[in-house]
Trainee: 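First the structure, which I've put down as structure tokens, then a few questions once you've had a look.
This is a predicted model, so every value here is computed, not measured.
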Amino acid sequence: MKPTLIGALLGAILAWAALAHGLGGFLLMALFMAIGALAARVAGGRVDMRAIRDALTGRRSSS
């Protein structure tokens, strides 16, 4: 899929959440979408969770 189409679909989904469920539903859906995207990247091998943990705990810099 092209990034423009993905962005448009994401915008439509978040707009639906905002209209149907208010601000709380919007924020909750955005949070779950971000968690799902991160989980997919971890499962696909694109994100190393150990490097993220080390950067957050100060063991290694993020740069």
Trainee: If hydrophobic residues (ILVMFWY) are linked whenever their side-chain heavy atoms come closer than 4.5 Å, directly or via other members, who joins M29 in its cluster?
Mentor: L10, I13, L14, W16, L23, F26, L27, M33

Trainee: To check you understand the geometry: which heavy-atom pair defines the closest contact between G25 and A17, and what is its length?
Mentor: O-CB, 4.1 Å

Trainee: Does I35 have any side chain to side chain contact (heavy atoms under 4.5 Å, CB included) partners at least two apart in sequence or in another chain, and if so, which?
Mentor: L31, F32

Trainee: Excluding sequence neighbours, so at least two apart, what forms side chain to side chain contact (heavy atoms under 4.5 Å, CB included) with A51?
Mentor: D48, R60

